[in-house]
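Contents: one structure, followed by commentary.
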Amino acid sequence: MEALKGINIKVEPPGPIAKKIIEMDEKYLARSTKSLPIVAKRGYNSYIEDVDGNVFLDFTTGISTTNIGYMNKNVLDAVEEQLHQLWHFAGTDFYYEAQVNAAKALGEVTPGNFNKKVFFANSGAESNEASLKVAKNYTKKRQFIGFIGAFHGRTMGALAFTASKPVQHSMYFPEMPGVVHVPYPNPYRNPFNIDGYENPDELVNRTIDFIEKYTLETYLPADDVAAIMVEPIQGEGGYIVPPENFHRELIKLAHENNILLIMDEVQTGFGRTGYFFASEYFKVEPDIISVAKSIASGIPMGASIFNEKFDFDKEGLHSNTFGGNLLASVACTATINEIKEKKMLENSRKMGKYLNKRLNELKDKYEEIGDVRGLGLMQAIDFVNDRSRRDFNVGLRDRVIERSFKNGLLLLGAGESAIRLIPPLIITEEEIDNAMEIIDESINRELK
Ligand SMILES: Cc1ncc(COP(=O)(O)O)c(C=O)c1O
């Protein structure tokens with residue numbers, strides 16, 4: 001495999017071949033959520049080469065699906081070996097060792113000092129659907145609590161919890177009934193008008209109070225609430241990091257009311273925050289964890305992982321066809337091994353700190369950057385027109401992404417006006433410096 005070693009823009013992207021493919025995409029594919037006109041040909045570590053021969057540094061990691069970097073040799077070898085034996089066999093109806101190995105390895109790295117069981121799915125949304133069924137079946141309750149600003153996927157159950165953009169819902173009501181939304185403790189912008197960086201405890205207390213007094217004690221009977229579903233850090237909603245004690249207070253409230261806590265770690269999982277799961281940073285052991293994206297390094301896979309006592313008590317309460325597919329299973333086990341052996345969590349923490357420092361330097365330089373936030377290699381910068389108003393500068397954010405793309409850096413938005421910076425866990429200081437130079441130059445040019 002030929003290495004890709006650095007940014008190399010040969011022709012302004014999208015180049016002529018890319019443009020043709022984009023035209024065909026528009027003709028044959030359903031309209032979805034396209035963000036950048038990058039047409040990929042191959043990848044290597046932190047880089048993507050497009051069809052016109054341009055090489056980009058990728059600070060999107062395929063939207064956090066390839067945390068260990070593109071074309072990891074050990075994952076490739078594991079998948080290749082499996083490919084030549086058998087690439088699919090119905091794992092929910094029959095048996096094979098690769099799926100058992102993946103479930104065991106996953107359970108071992110998942111927080112919680114109890115035995116775990118795994119239901120394998122094929123995506124984040126499907127993992128959340130499974131988590132909801134586990135909670136409903138175990139508790140025999142029907143209602144749920146979700147958070148404003150959340151993203152949990154687009155199938156009708158997961159969608160009922162998703163609350164980050166009206167367009168996600170328009171045309172689709174009614175979705176799964178029984179989900180009540182409450183405010184998320186966003187330290188930078190919240191409905192309580194509390195500065196959550198200055199007063200984190202007040203923000204947490206007000207949020208917990210809202211759930212307890214103004215929801216459970218006002219109109220939502222706790223004895224009919226199966227679970228609270230929450231992202232440890234809101235991803236799509238803007239990379240919102242709540243105060244450090246929030247999730248501990250939340251699980252306490254949940255358990256006092258016999259409510260389960262489902263942590264959606266689809267975006268935060270697999271080393272992204274410097275921990276295998278962000279729940280570890282927040283020091284909580286969720287009852288159920290949903291995971292997907294990077295779990296099999298980009299081979300479609302998701303999982304709902306839970307305390308074994310919540311397991312389905314009858315055959316047929318849940319199943320699927322492709323969950324725990326052989327290629328995905330071996331990729332999942334190899335991914336876990338790679339993260340451990342190559343000490344990627346350590347690098348995620350170390351490089352995360354460095355990235356955060358460099359982003360704060362940009363904030364010192366540009367008034368238009370209102371906030372820098374994140375954990376590990378899950379960082380964001382938020383653009384404002386006016387720091388005191390903390391309003392959304394969507395235009396500048398979009399232009400910075402576009403200009404950075406032309407200069408060989410792939411970036412993705414989050415929330416109204418933030419850019420997420422999610423390089424692979426193997427990123428180096430030098431690559432971060434290269435990315436910062438491009439972002440700096442892009443902001444500078446766009447402000448002129
Ligand atoms: C936190 C979270 N949950 C669920 C999902 C949905 O995952 P998928 O697109 O694989 O269904 C996403 C996707 O971005 C996510 O970020």
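Ligands are counted one by one from 1 in listed order, and the atoms in each one are counted from 1 as well. Predicted, not measured: the structure shown is a model, and the values here were computed from it.
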For ligand 1, what N or O to protein N or O distances fall under 3.5 Å?
unit_1	atom_1	unit_2	atom_2	d
ligand 1	3 (N)	F151	O	3.4
ligand 1	3 (N)	D264	OD1	3.3
ligand 1	3 (N)	D264	OD2	2.7
ligand 1	10 (O)	G124	N	2.8
ligand 1	11 (O)	G124	N	3.4
ligand 1	11 (O)	A125	N	2.8
ligand 1	14 (O)	K293	NZ	3.0
ligand 1	16 (O)	Q267	NE2	2.8

Can you confirm if the NZ or CZ of R42 lies within 45° of the ring axis of Y47 and under 6.0 Å from the centre of its six-membered ring? no
Y138 six-ring centre to K136 NZ/CZ under 6.0 Å and within 45° of normal: no
Could you check whether the rings of H318 and F119 sit parallel, tilted or perpendicular, using 30° and 60° as the cut-offs? tilted
Students often mix this up, so state it plainly: with edges at 30° and 60°, are the rings of Y197 and Y188 parallel, tilted or perpendicular? tilted
State the CD1-CG distance between I381 and L411, to the nearest 0.5 angstrom. 8.0 Å
Sequence neighbours excluded, every pair satisfying side chain to side chain donor-acceptor pair (under 3.5 Å) that has a member inside residues 286-299: N67-S294, N128-S290, S131-S290, H255-D287, S297-T335
